[in-house]
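Here the structure comes first, spelled out in structure tokens, and everything after it is commentary.
Order of appearance sets the numbers: ligands from 1, and atoms from 1 within every ligand.
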Amino acid sequence: MYAIEVENARKEYGAVTALDGLSLRIERGETVGLLGTNGAGKTTLFELLVGLRSPDAGSVAVLDRDPTEGVGTRRRVGYLPEHAGFPDELTGREVLRFHARMRGVDAERRDRRVARVLETVGLTDAADRRVEGYSNGMARRLGLGTVLVADPAVLLLDEPTAGLDPYGVEAFHDVLGAVASATDVTVVFSSHVLGEVEALCDRAAVVHDGRVVADDDVDALRRQTGENVTVRAAVGDGDADSAAERLRSRDGVERVTGDGAELVVECAPTRALAVLEAIHESGDVERFAVREPGLESAFRTAVADRGERA
Ligand SMILES: Nc1ncnc2c1ncn2[C@@H]1O[C@H](COP(=O)(O)OP(=O)(O)OP(=O)(O)O)[C@@H](O)[C@H]1O
């Protein structure tokens with residue numbers, strides 16, 4: 001059963017076409033990353049999913065309902081916009097209580113729910129501090145708390161880690177990963193950071209010019225690029241040159257660069273082991289690394305294949 005079904009959605013803002021026939025289906029319990037360049041249409045898609053806007057054409061269903069109708073469905077969808085802010089004078093606990101009340105969590109369960117969410121997002125110790133003193137990372141985790149407090153079936157997060165330092169990103173990922181694996185919540189988050197989509201998602205959809213131009217599980221997307229792996233090896237002085245010479249003529253070897261004691265070989269993924277063996281024949285391999293094509297290549301390929309919108 002699908003948590004989200006978008007069929008051929010179009011949305012225009014005057015002369016700007018934000019969504020140009022976008023289709024996307026997401027099953028319940030999936031964690032899906034939405035990748036896209038600036039202006040690709042990700043925020044507009046979220047706004048349709050949460051019922052803030054209606055499509056000009058096409059259809060949108062969340063939990064089998066039109067999101068613009070029915071408060072009940074909307075309460076089951078938690079949306080964290082890109083720029084969520086909180087009144088400075090409130091404490092974290094007060095912010096969560098407010099959201100719990102707004103989202104219809106009844107009074108006798110509210111405090112317990114808020115305490116549990118504070119624990120989940122790692123803010124129990126800071127719960128009674130005013131949010132003006134929160135770091136950026138704490139504020140983002142509080143934002144995640146505001147959507148978790150109503151126990152949503154669908155979580156929509158618009159660039160939730162933008163602007164966070166690496167520790168903040170890691171802490172956010174830990175919380176989100178724990179939520180996604182401990183519950184059957186459906187998570188859709190947008191990001192420009194391909195690494196976080198690789199780390200957290202089973203599936204990634206690339207949005208470009210208002211359409212989904214690639215949509216597959218992360219490993220399959222990576223493979224579709226058909227790109228070479230890079231083998232990097234440190235060998236003894238002088239050995240690199242002779243190894244390079246011999247490698248250039250090998251099947252499946254695309255390019256050999258490097259100088260002195262380091263070799264960098266681009267080759268077909270299936271040839272990586274043979275390449276390493278060949279380097280080893282020329283001298284001792286002091287250390288090596290094999291780098292697989294990342295989602296970044298898949299993203300570039302998907303976007304480049306589509307070119308510009310006509
Ligand atoms: N309210 C609006 N009025 C006019 N144009 C808009 C409006 N909202 C979005 N757009 C335009 O629609 C297109 C899609 O924007 P959208 O914000 O959905 O993309 P996005 O993928 O979220 O981008 P970003 O990654 O920069 O946040 C852009 O060209 C944007 O300028």
Side-chain angles (χ1 to χ4, degrees), residues 4-26 31-62 66-68 74 77-85 136 139-140 143-144 146-147 154-165 168-169 172-173 176 186-201 203-216 218 221 294-296 298-310:
I4 290 172
E5 263 190 293
V6 181
E7 289 291 330
N8 230 354
R10 277 190 75 77
K11 184 73 195 169
E12 287 170 11
Y13 301 107
V16 177
T17 303
L19 298 183
D20 189 14
L22 183 141
S23 297
L24 183 66
R25 287 181 177 169
I26 296 175
T31 298
V32 175
L34 278 190
L35 290 166
T37 46
N38 287 123
K42 304 178 298 295
T43 300
T44 302
L45 173 62
F46 281 133
E47 289 177 351
L48 296 191
L49 294 175
V50 83
L52 289 172
R53 298 181 190 278
S54 301
D56 300 328
S59 65
V60 176
V62 177
D66 175 346
T68 61
R74 275 208 298 277
V77 179
Y79 173 49
L80 182 63
E82 192 181 344
H83 304 290
N136 212 349
R140 289 299 170 98
L144 181 59
T146 63
V147 291
V154 175
L155 264 185
L156 305 172
L157 310 173
D158 197 357
E159 297 189 37
T161 60
L164 294 188
D165 69 30
V169 171
F172 195 95
H173 285 181
L176 186 56
T186 306
V187 182
V188 186
F189 75 89
S190 66
S191 177
H192 297 289
V193 184
L194 306 167
E196 78 177 346
V197 170
E198 288 194 278
L200 289 173
C201 299
R203 191 176 141 202
V206 180
V207 180
H208 182 57
D209 277 349
R211 275 178 256 171
V212 172
V213 296
D215 178 7
D216 215 327
V218 168
L221 270 180
L295 203 50
E296 182 151 0
F299 177 74
R300 288 184 200 285
T301 307
V303 170
D305 280 355
R306 299 299 290 226
E308 292 304 309
R309 181 162 40 196

key: For S59, side chain to side chain donor-acceptor pair (under 3.5 Å) partners two or more places apart   = none
query = Is there side-chain contact between L19 and L48, with heavy atoms separated by less than 4.5 Å?
reply = yes
Going by atom type alone, with no hydrogens or angles, which donor-acceptor pairs under 3.5 Å involve a side-chain atom of residues 31-43 and a protein atom two or more places apart or on another chain?
unit_1	atom_1	unit_2	atom_2	d
K42	NZ	G36	O	3.3
K42	NZ	T37	O	3.1
T43	OG1	D158	OD2	2.8

note = On a heavy-atom basis, the closest approach of A205 and L24 is CB-CD1, 4.0 Å
key: For ligand 1, the residues whose heavy atoms come within less than 4.0 Å (ordered by chain, then number)   = Y13, V16, A18, T37, N38, G39, A40, G41, K42, T43, T44, R53, E82, E159, H192
note = Sorted by chain and residue number, the salt bridge (charged side-chain N to carboxylate O under 4.0 Å, His left out) partners of E47 (sequence neighbours excluded) come out as R53
message = Determine whether E196 and F172 satisfy the following criterion, side chain to side chain contact (heavy atoms under 4.5 Å, CB included), listing intermediate values before the conclusion.
response = CA-CA 11 Å; E196 78 177 346; F172 195 95; over 6 Å; no
